[in-house]
Asker: 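Take a look at this one; I'll ask things after.
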There are 2 protein chains.
Amino acid sequence: MASPAIICVAITGSLPRKADNPAVPITVAEQIESTQAAFEAGAAIAHCHVRNDDETPSSDPDRFDALMRGIRAHCPGMIVQLSTGGRSGAGRARGGMIPLRPDMCSLSVGSNNFPTRVYENPPDLVDWLAAEMAAHDVMPEIECFDLSHLYQAAAMHRDGRLPRQPYCQFVMGVRNALPVDRHAFDAMLSAKRHLFGDAPWCAAGIGPGQAVLNDWAAGAGGHLRT
Amino acid sequence: MASPAIICVAITGSLPRKADNPAVPITVAEQIESTQAAFEAGAAIAHCHVRNDDETPSSDPDRFDALMRGIRAHCPGMIVQLSTGGRSGAGRARGGMIPLRPDMCSLSVGSNNFPTRVYENPPDLVDWLAAEMAAHDVMPEIECFDLSHLYQAAAMHRDGRLPRQPYCQFVMGVRNALPVDRHAFDAMLSAKRHLFGDAPWCAAGIGPGQAVLNDWAAGAGGHLRT
Ligand SMILES: [Zn+2]
Ligand SMILES: [Zn+2]
Ligand SMILES: [Zn+2]
Ligand SMILES: [Zn+2]
């Protein structure tokens, strides 16, 4: 209860571009600089996406490798978490960076709607990504966009597909998925406790929901995404 | 509280075949006979899928029309609900039977995983199906495979995409979606009350979960699927 909240910084995300916000770090050099500033301000985990030269999302392992090396050199002890999210690639290309052995990778275990499309995480791809992480000793952060995703993480932990106690992140505020609603947050937290006891967890609010979720998570003993 | 539970019978479903269970009604004539037996035993709603001659799922409006006419002739007053589920067709073909003006159609408002694939309900298709139902004065039954689907129904009701108070069905026990778990059931019911007050609702358990869900739903004032 008195243990300090861990702050996870998502320096780039998968969507915003320079045209939306000139401050968004896009190149690996910009990302490293921006991560170092967050690290010096107290962030303990760097949640990383990479981009192509034209700013579109990428899952190129070479770019992830350069980013990870830069963060390790400039932010000693910072936990590096690489995204396997579906905005950046399709199928097994989403997991091409797992053999780089970052500390953590994000892992979606279910499907849900996004603002204009289905966020597709087919069961066989989920199982393959989880197996790759297990094989390379990478700790997954389970991205929980809905209640069933917590249950799916529990089922995968029970049968060994997730060897470690799942570390779950509630993601709220994506249009057509779970909204930023306190009642829904409480349902997610209650299910987390039901399934994983007092295991650590974190929460991320999208867009204007970010500050609200940080508030709720800090008040309930969770870690934060900024 | 003292109002009797409404029993909704799913006579065929989208998957089981004669080879799995010789008693499954497949032809429209078999379906009508079996619905009449359920009607005489007290079922008030018939949840209908249709099949091709080779027993594969279909969403052929002509078959739905023949089935609906048969049920109306043999089961006077029975509510006919036609499935727009994704196992039977793709894209807008899923809604081809809506202009037949059945009493109800099922409507999925979000996506989730099924045992071997993603159950895809992209936002634009969901909106189109809801608009078709509104245009033909068909009452949707919202198939809620996850918590966010209740919230999505609420959002669609707020902005007029679902003109009527949503009538929601909790669907539990599909592998890779929400399991048959009392804690999850309570979370769904609590969200239903939070969003829709004491509006009627129902629950369906898949396979061995059916008896359990009927028990829970009956005990909590919901309607049943058999
Ligand atoms: Zn996190
Ligand atoms: Zn991310
Ligand atoms: Zn029903
Ligand atoms: Zn059905």
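Just so it is clear: chains get the letters A, B, ... in the order the sequence lines come, proteins before strands, and each one is counted from 1.
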Asker: Using a cut-off of under 4.5 Å on heavy-atom pairs, state which of B/Ser190, B/Ala191, B/Ala187 scores highest against chain A.
Answerer: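 When all of B/Ser190, B/Ala191, B/Ala187 are compared, B/Ser190 has the most.
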
Asker: Given a strict heavy-atom distance threshold of 4.5 Å, which part of B/Asp124 is in contact with chain A: side chain, backbone, both, or neither?
Answerer: neither

Asker: So how far is it from B/His194 NE2 to A/Arg182 CZ, rounded to the nearest 0.5 Å?
Answerer: 11.5 Å

Asker: Can you see which heavy atom on B/Leu147 is nearest to which on A/Asp146, and at what distance?
Answerer: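 So the minimum-distance heavy-atom pair works out to N-OD1, 3.3 Å.
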
Asker: Any heavy-atom pair between the side chains of B/Gln152 and A/Asn176 that's under 4.5 Å?
Answerer: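 In short, these two side chains touch, coming nearer than 4.5 Å.
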
Asker: Does a donor on one side chain sit under 3.5 Å from an acceptor on the other, for A/Asn112 and B/Ser111?
Answerer: no

Asker: Rounded to the nearest 0.5 Å, how far apart are CG of A/Leu125 and CG of B/Asn113?
Answerer: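 These two atoms lie 10.0 Å from each other.
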
Asker: For atom CG of A/Asp159, is the number of surrounding heavy atoms from other residues, nucleotides or ligands below 6.0 Å larger than 12?
Answerer: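 Yes, CG of A/Asp159 has more than 12 neighbouring heavy atoms, counting only those of other groups under 6.0 Å.
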
Asker: Less than 4.5 Å to any heavy atom of chain A: does that hold for the side chain of B/Phe114, its backbone, both, or neither?
Answerer: backbone

Asker: Is any side-chain heavy atom of B/Tyr151 closer than 4.5 Å to one of A/His183?
Answerer: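 In contact.
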
Asker: If you count heavy-atom pairs under 4.5 Å between each of B/Ala177, B/Ser148, B/Ala155 and chain A, which one has the most?
Answerer: B/Ser148

Asker: So which residue, B/Ala184, B/Pro115, B/Gly110, ends up with the most heavy-atom pairs under 4.5 Å with chain A?
Answerer: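 Among the listed options, the one with the most contacts to chain A is B/Ala184.
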
Asker: Side chain, backbone, both or neither: which part of B/Asp186 has a heavy atom under 4.5 Å from chain A?
Answerer: neither

